[in-house]
Amino acid sequence: MKRLLLFVCICLLLASSARAEEAVIALWNGEELFDVSKVEERRESLLQFAREVKPDLLLLDEVCSLEVVEKVRDVMELDGYHVACSDFNQRDDLEYNSFEVAILSRYPLTRVIEFDQSPDNGPYTDRGEPNELPLSAESMFKQGIQNAVVSRGFLWARIDALKLTLCLTHLKSSWGGGNAEADLRNAMKREYVAAAMAMSVLDDLKKFPGHSCLVAGDMNVGATDAKKNGIDLDVDSTFGDGDSYDETHALLSKGLVQGLRMKNLTLNVGETYDSTDFIGTGPIDNLYVAGPHADHFSEAMKTGQTFGSDHFAVWTVFNR
């Protein structure tokens, strides 16, 4: 009898340990969280999001300041979570040009760096700004990447407790009204940042060989959008004849950057923008993984509601 009880106790401990090794990683475009008053207005839905998704790591788009991110953390009752926020636009205007990306993590953030095309501050300040490094994809020019001026780069973090590095971004929107010609320049901006993130992943795989790599964010082009997605940087057809004009996803998954082929966990979740206008284009909010534990991430799921946003959230379970 004692042996049986001991066996049961060991099984329970092992099961508990296995559950403790799972981390829920969620990506969500929260839509226009401009200031703390906007967060307060949505207190109930934000708290509901946290209680339903239960994120250990929340990657958030469309916030405007560190103050807003801290308010989101408090409203969601994510007590003790570490936070980081980009500061691409230091003015923190309550406008679309002030959108930042943010990380809320149950695990300590070992290091955080903002990759910005126009670095404008020094190391961590009393405002909590991350260190900055120049955003560049110049080494890809010979392969067909076009030089592009972008207002947002990406936020990079290393989380040693998870043996994970991540790149979080919010790429340029189309604003083309369905017109591919009008969207072509915006596609070049998306590609520029995507190429820079791909190179960052390759660098991480060398510098931190035991870490997995995650690329996440609102890519603003659907992963299965046949009218936009192409695989050849030298061909930018906008009329559907041959390779199309946007290689954002191909840069991360098709080997265009030194053979890098990241896995898209969100490929099969369907549309993540809450609209019936883009059926078949797939998710614009994407989670890509690579590295030694890429197979430890579950296929992503999509929330059943938007919690007051115009985007559904997507999430994966990382079994460490």
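Values reported hereafter were calculated over all heavy atoms of this structure, with side chains retained and with hydrogens, waters and symmetry mates removed.
- Side-chain N or O atoms of Glu62 include none that pairs as donor or acceptor with a backbone N or O of Leu33 at under 3.5 Å.
- For the pair Ile25 and Asp56, the minimum side-chain heavy-atom distance is 4.5 Å or more.
- Side chain to side chain, Asn286 and Asn264 meet the donor-acceptor criterion of an N or O pair below 3.5 Å.
- Of all heavy-atom pairs between Gly30 and Leu60, the closest is N-CD1, 4.2 Å.
- Proximity of Lys54 to Val24: side-chain heavy atoms (C-beta onward) are nowhere separated by under 4.5 Å.
- Here the straight-line distance linking atom CD of Glu77 with atom CG of Leu46 works out to 11.5 Å at 0.5 Å rounding.
- Between the side chain of Arg158 and the backbone N or O of Thr165 there is no donor-acceptor pair closer than 3.5 Å.
- His170 and Asp61 form no side-chain donor-acceptor contact under 3.5 Å, judged by distance and modelled atom types alone.
- In the model, Ser98 has a side-chain atom that pairs as donor or acceptor with a side-chain atom of Asn89 under 3.5 Å.
- Using the six-membered ring where Trp is involved, Phe307 and Phe49 have ring planes that are perpendicular, over 60° apart on the 30 and 60° scheme.
- Side-chain atoms of Arg320 come within 3.5 Å of backbone N or O of Ala161 as a donor-acceptor pair.
- Between the side chain of Asn229 and the backbone N or O of Asp225 there is at least one donor-acceptor pair closer than 3.5 Å.
- The shortest non-hydrogen separation linking Thr248 to Asp246 is OG1-OD1, 2.6 Å.
- The residues Glu247 and Lys254 are annotated as not salt-bridged, no charged nitrogen and carboxylate oxygen being separated by less than 4.0 angstrom.
- The shortest side-chain heavy-atom distance between Thr266 and Thr272 does not fall under the 4.5 Å cut-off.
- With hydrophobic clusters built from ILVMFWY side chains whose heavy atoms lie under 4.5 angstrom apart, Leu233 shares a cluster with Val201.
- Grouping the Ile, Leu, Val, Met, Phe, Trp and Tyr side chains by contacts below 4.5 angstrom, directly or via other members, places Val36 apart from Phe34.
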Would you sort out whether Glu138 and Ile145 count as a side-chain contact (heavy atoms from CB on, under 4.5 Å), showing the intermediate values? CA-CA 8 Å; Glu138 293 179 2; Ile145 280 290; over 6 Å; no
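- Minimum interatomic distance between Leu267 and Pro283 (heavy atoms only, all atoms of both residues): O-CD, 4.1 Å.
- For the atom pair CG (Asp236) and CG (Asp243), the distance works out to 8.0 Å, reported to the nearest 0.5 Å.
- At least one donor-acceptor pair closer than 3.5 Å links the side chain of His296 to the backbone N or O of Asn319.
- For the 3.5 Å distance criterion, the side chains of Tyr245 and Asp183 qualify, holding a donor opposite an acceptor.
- Side-chain contact between Tyr192 and Gln117 is present, with at least one heavy-atom pair separated by less than 4.5 Å.
- Within the 3.5 Å criterion, the main-chain N or O of Leu57 finds no donor-acceptor partner in the side chain of Ser105.
- Between Lys38 and Glu31 no salt bridge is recorded (no basic side-chain N to carboxylate O distance below 4.0 Å).
- No donor-acceptor pair closer than 3.5 Å links the side chain of Gln143 to the backbone N or O of Gln258.
- Side-chain atoms of Arg73 come within 3.5 Å of backbone atoms of Tyr81 as a donor-acceptor pair (strictly under, hydrogens ignored).
- A donor-acceptor distance shorter than 3.5 angstrom exists from the side chain of Glu271 to the backbone of Gly280, with no hydrogens or angles considered.
- Residues Phe312 and Leu27 do not share a hydrophobic cluster, clusters being chains of Ile/Leu/Val/Met/Phe/Trp/Tyr side chains in contact below 4.5 Å.
- Inter-residue side-chain proximity for Phe154 and Ser200 is flagged as met; some heavy-atom pair is nearer than 4.5 Å.
- When side chains are defined from C-beta on, Lys189 does not count as touching Arg152, because their heavy atoms never get closer than 4.5 Å.
- Residue Glu41 qualifies as enclosed at atom CD: its count of foreign heavy atoms under 6.0 Å is above 12.
- Side chains of Arg43 and Lys71 form a contact here, defined as non-hydrogen atoms less than 4.5 Å apart.
- For an aromatic pair to be called close, the ring centres must be under 6.0 Å apart, and Phe115 with Phe88 fails this.
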With side-chain contact (heavy atoms from CB on, under 4.5 Å) as the test, would you mind laying out the steps for Leu214 and Leu59 before giving the verdict? CA-CA 11 Å; Leu214 174 71; Leu59 310 176; 3.9 Å; yes
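- Remark: the Glu100 side chain and the Ser86 side chain contain an N/O donor-acceptor pair separated by less than 3.5 Å.
- Annotation: Ile231, atom CD1; neighbour count of heavy atoms from other residues, nucleotides and ligands within 6.0 Å does not exceed 12.
- Using modelled atom types and a 3.5 Å distance limit, the side chains of Lys228 and Ser174 yield a donor-acceptor pair.
- Under a cut-off of 6.0 angstrom, the local environment of CH2 in Trp315 is sparse, with at most 12 non-hydrogen atoms contributed by other residues, nucleotides or ligands.
- The main-chain N or O of Gln146 is never found under 3.5 Å from a side-chain atom of Glu191 such that the two would form a donor-acceptor pair.
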